[in-house]
Amino acid sequence: MFETVKSKVDFPRMEEGILAWWKEKNIFGRSVEARRGGPRFVLYEGPPTANGNPGIHHVLSRVFKDIIPRYKVMKGYYAPRKAGWDTHGLPVELEVEKQLGFSGKAQIEEYGVARFNAKCRDSVFRYLREWDSLTERIAFWIDQQHPYITMDNSYIESVWWTIKQMWDKGLVYQGYRVTPHCPRCGTSLSSHEVALGYKDDVEDPSVYIKFKLTDESRQKLGLEKPSYFLAWTTTPWTLPGNTALAVAPEAEYVAVEMEEEYLVMASARREAAGPGGEPVRGQFSGSALAGLEYQPLFNPHEYGIDRLRSQAGDKEAAGIFQAQESPTTPLAYRVISADFVSMEDGTGIVHIAPAFGEVDFEAGLRHNLDFVQPVDLQGRVTGNYPFAGKFVKQADPLILEDLKSRNLLFRSETIRHTYPFCWRCDAPLLYYAKQTWYVRTTAMKDRLISGNGEINWYPEHIKHGRFGDWLQNNVDWAFSRERYWGTPLPLWRCQSCGGYECVSGVQELKAKPGVSGLEEPLDLHRPFVDQVTFHCSKCGGEMRRAPEVIDCWFDSGAMPVAQWHYPFENETLLENGRFPADFICEAVDQTRGWFYSLHAISTLLFDRPCYKNVICLGHILDAKGEKMSKARGNVVEPWAVINKYGADALRWYFYTATTPGNVRRFSEEAIAEISRRFFMTLWNVYSFFVTYANIDRFAPDSKTPVQSELDRWILSELNQLIADVDAALAGYDPTEAGRKIERFVDGLSNWYVRRSRRRFWKSENDADKLSAYNTLYHCLVTLSKLMAPLAPFTAEALYRNLVLSAYPNAPESVHLADFPVADMGRVDHDLEDETRLVMTVSSLGRAARSQAAIKVRQPLARLLVKAGSDRARRGLERLAGQVMEEVNVKGLEVVEALPEKDWPVAADAGLEVMVDTEVTPELAAEGMAREIVHRLQTMRRSAGFDIADHIITCYQGDDFVGQVMTGFADYVRQETLSESLEAGEPEDGAFVERHKLAGHEIVLGVKKV
RNA sequence: GCGCCAAUAGCUCAGCUGGUUAGAGCGCCGCUCUGAUAAAGCGGAGGUCGGUAGUUCGAGUCUACCUUGGCGCACCA
């Protein structure tokens, strides 16, 4: 006996029951351990940060991470799955800063780094419970008991080891160059972080500035009035740092005569820049201008700013600037020629400030330009300018005012363009020349690209598109951060000789000569690690740690080794199959995040990729197609959906609604539909089966021979389904797998079960009935296994009841079972085609009946079908019985041409179907019998009888009714489980109804025996 | 500016290597059926397959360009 199953089901409650049972029986752990010894299947979990509530997009990625390993386990793979937590970095620090009401680094220093970092440590697991419970509730099976945690000493130690490997290969260097710098956070950002923060339509100044030529240069050009180079900029605050102007050597420049002066600019830019109509007084090539001199707008000596000098040479070497220049009077700067000067915008004369801007900086190196840095790392103007102390963007208007008062401002407007902002704190980024630590990823660029070739991307276009492009444009990874809460850079610098040493682990550090400051319990974070000093191995001087921490993306990218504390433990990591990963899955934004950091680190360390297959998910939008954000108030709360429809419905929606890589519009209605259309349909089939199987005390027996065409058909479909789902999941395509299952369940319910109902109802336990039971049973059990990776709860509910009730020794959970294997010998494509034909003809037959307004319950003599082909004809003749039952006709005639009759016809797909509408007295009587049966069955239900209750039926009516009741007595008794049919007054206590059927009065009474 | 993805019915999506009147589900309107079904059946309204040009005997499907939306890249002074 199976456990009774009601057709109505509360999915969330059912799931909670399963959840508790899984937990109690440790099914996850056992599902992993049961496959020990099998081939490994490795999932790398991209670690989330638990300092915020998990959202619906986290559910999306987690269910996609879940499905593949579940499938692999059922295929025999050993797939332990380790959870992970990302705990370091700017996002965490900013959360804490917000909490403490801080607005910058000074306040953190004042507050104390130890206290600050302690707060960070607390903050990263603030929502741990929410994460754990949501993870569990959506059945993302991953070992949450033993997660890797990026802030653990062991994790940090592995990261140190990673850096040391790179250091030894010469892949880590300190470069003085322009990096995107966040003035609020006071740190550099990597190019992938910058990519996260571009904003369009940012309004900035667009100004044309006049740089006065020296008298000598003016005379060289033969200009008699005061003359100016006209240059354009959108960042007036960089003007005090100007130390050169650049021109395109091949371009033509002109001097335009204004009222009291000449303006020099590119001929091609004259109109756009403004002075279009004024007379031209000279033409020069760009190269003729090169070497000319002009007066700086702001002489650094007058404003208390150091005047340094860029020095050509190895740009990665530290200390590329000579000592301070002494004042020269008057100070003059040079025009240089450069290939980057475009004629697309501006004036063809580019303002160069080597302290800001990458191109400027490089130009400085090449031309030994002065280096003037009038802005500090907080983005404030230094020196004693009138606008000193202001944040650069606030200084802009003051600078322009100052220039205007000195008649050096030609035009001042605003422009809308794209500008990068800090992805975390929204401050405008400044390109700022300073020292930063780099990982020389460009040294391995070719391997990064060829390694990518070995990775399977889903969707495929990411491989050569977004990710491939990113690798093609690879630049060295600026991976140091001038911050507090992060993995400390394991570099110590000698205070005497300036040499660096990279430390690869705790033991090594402890063994350093003269080491001091190592406190127990060990905490490798700042400020504790900063106190550790030792003696320089070269000169014996004091080694102190470089103050920076590292980019948290480096932390997570190092997880393949760090999660196992490699190489300090798990020395065999590279040999025992735990590296590389078979599968990772995150959203598309990780192309420049985790997908990249994993790939870069793995390639630099091991010269190979560390993942083989990636599902790259698209983003979730709301039902209107808008981005979800707290500000818009359109964020979907996962719990609300789960508590209403269950986790399986949500999972199923994510798998099947659209392909993984697409953006998706999330709507609750879609989940409601899935619940109704798919899960309820399936559940009803299941409930139907259990109900009748229990009545008949059915015990599954796979040896019963299959009896009917219908059984052969659904088994054919089932085996094809197994093959299809298996192939889809093997190809990382849950969408196709789910959709195929949906189609099957629809056919199972609306054709197989509908067509088979009578086989289950009939009284005798014959071979046909057994065959039906066994077939449906087999379908449901197989379905539960096929569905297990997608809808683990529903699958489990079906499996537990259907399988364990009959086979107590079977694996206790569907997730411990093997994935079904298709028996392709059972697949019969001809039969499938024929059945489709039957469905179509039946449909047309019903349509024809509908035209004649004759209800299906009224039997008719025959259906006439004109088949389109011989094949169709043969199929129809073979399966005529199914059509006859479905359309309720006594015969089916396949004809060459339809007769010239006034009977309704329906046609489609090369088929023409006509129904003989003549109702003979015999047919009318049978129709009446069926009508009476129908009423009696409705009455049984109204009276509250059980499906299996036997009854006594009484009836009163005219002669016709009497004839029908006696003529079809067996039929009526069988259909209504009536032990007797008695003419006359209803018995006492009977449930009685009066009906008028086809003009005949009839009184019916039913009573339980 | 360059690149990627998407654009098919009111909504969500199928339409493989180009082949007869373009499909499904949901929604809407009407009818029917119902002892597994909060189902099912039948009919109806609803599509110039984003646009233009081309390749072809034939294009939703291939090519080019364009439009819109999303995303990414970018030295933008």
Side-chain angles (χ1 to χ4, degrees), chain A residues 5 7-8 178 191 194-196 198 231-235 238 245-246 338 340-342 344-347 349-353 356-360 362 417-420 431 459 461-462 464-470 472-473 588-589 591-592 618-619 621 623 625 627 653 656-659 661-665 667 669-670 672-678 680-681 683-692 735 739 742-743 746 749-750 753-754 757 760-761 842-851 853-857 886 906 908 910 933-934 936-941 945-947 975-977:
Chain A
V5 178
S7 67
K8 285 183 195 176
V178 172
S191 49
V194 177
L196 296 170
Y198 277 99
W232 177 65
T233 186
T234 57
T235 51
T238 61
L245 292 173
F340 58 79
V341 177
S342 86
E344 299 299 309
D345 43 27
T347 64
I349 299 178
V350 174
H351 139 63
I352 301 290
F356 316 104
E358 195 172 328
V359 180
D360 309 52
E362 310 239 327
H417 64 160
T418 309
Y419 196 85
Y431 286 90
H461 63 80
I462 303 283
H464 295 297
R466 205 159 281 209
F467 195 66
D469 287 348
W470 174 253
Q472 291 289 350
N473 297 324
V588 63
D589 51 307
T591 315
R592 265 153 304 286
H619 284 130
L621 308 175
K627 224 176 192 169
Y653 165 77
T656 59
T658 185
T659 44
N662 276 356
V663 289
R664 57 182 77 225
R665 296 183 177 197
S667 72
E669 290 71 42
E673 190 193 322
I674 280 172
S675 182
R676 264 203 329 267
R677 197 192 72 225
F678 178 68
M680 284 187 186
T681 304
W683 196 268
N684 282 318
V685 171
Y686 164 57
S687 155
F688 170 88
F689 169 81
V690 168
T691 304
Y692 286 95
T735 307
R739 286 176 175 175
E742 282 178 0
R743 222 163 301 151
D746 185 62
S749 171
N750 290 322
V753 171
R754 190 154 63 85
R757 266 185 290 194
F760 295 98
W761 292 344
S842 301
S843 186
L844 291 170
R846 279 191 297 257
R849 292 188 66 119
S850 169
Q851 282 176 46
I854 302 176
K855 52 179 67 174
V856 179
R857 214 179 287 128
E886 191 65 14
D908 187 38
V933 165
H934 165 54
L936 285 171
Q937 279 170 339
T938 308
M939 285 170 68
R940 286 179 55 108
R941 183 160 53 174
F945 298 164
D946 189 78
I947 285 175
E975 292 292 317
T976 59
L977 296 184

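Chain A is the first sequence line, chain B the second, and so forth, proteins listed ahead of strands; every chain is numbered from 1. Only heavy atoms go into these numbers, but all of them, side chains included; no hydrogens, no water, no symmetry mates.
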Side-chain donor/acceptor contact of A:Ser749 with base of B:A36 under 3.5 Å: yes

Pairwise P distance for B:G58 and B:C73, with rounding to whole Å: 44 Å

Sugar-phosphate, base or nothing in reach of A:His934, heavy atoms under 4.0 Å: sugar-phosphate

A:Asp360-A:His351 side chain donor-acceptor pair, cut-off 3.5 Å: no

d(CD, A:Glu362; P, B:C75) in whole Å: 11 Å

Rounded distance in Å between the C1' positions of B:U12 and B:A53: 32 Å

Parallel, tilted or perpendicular, as decided by the 30° and 60° cut-offs, for the rings of A:Tyr686 and A:Trp683: perpendicular

Per-nucleotide pairing state of RNA chain B [Watson-Crick or G-U, under 3.5 Å; [ ] pseudoknot-crossing; | other strand]: (((((((..((((.....[...)))).(((((.......))))).....(((((..]....))))))))))))....

Residue-phosphate contact under 4.0 Å: A:Thr656 side-chain N/O, B:C13 OP1/OP2: no

Heavy-atom side-chain proximity of A:Arg592 to A:Trp470 below 4.5 angstrom: yes

N/O (side chain, A:Tyr686) to phosphate O (OP1/OP2, B:A36) under 4.0 Å: no

Residue-phosphate contact under 4.0 Å: A:Arg757 side-chain N/O, B:A36 OP1/OP2: yes

Side-chain N or O of A:Thr233 closer than 4.0 Å to phosphate OP1/OP2 of B:A77: no

Phosphate contact (B:C73 OP1 or OP2) by A:Arg592 side-chain N/O below 4.0 Å: yes

Rounded C1' spacing from B:G3 to B:A45 in Å: 43 Å

Spacing between A:Met680 atom CE and B:A40 atom C1', to the nearest angstrom: 16 Å

Side-chain donor-acceptor contact under 3.5 Å, A:Asn662 with A:Thr659: yes

Gap in Å between the two P atoms, one belonging to B:U8 and one to B:G50, rounded: 6 Å

A:Arg665 side chain near B:U12 phosphate (N/O to OP1/OP2, under 4.0 Å): yes

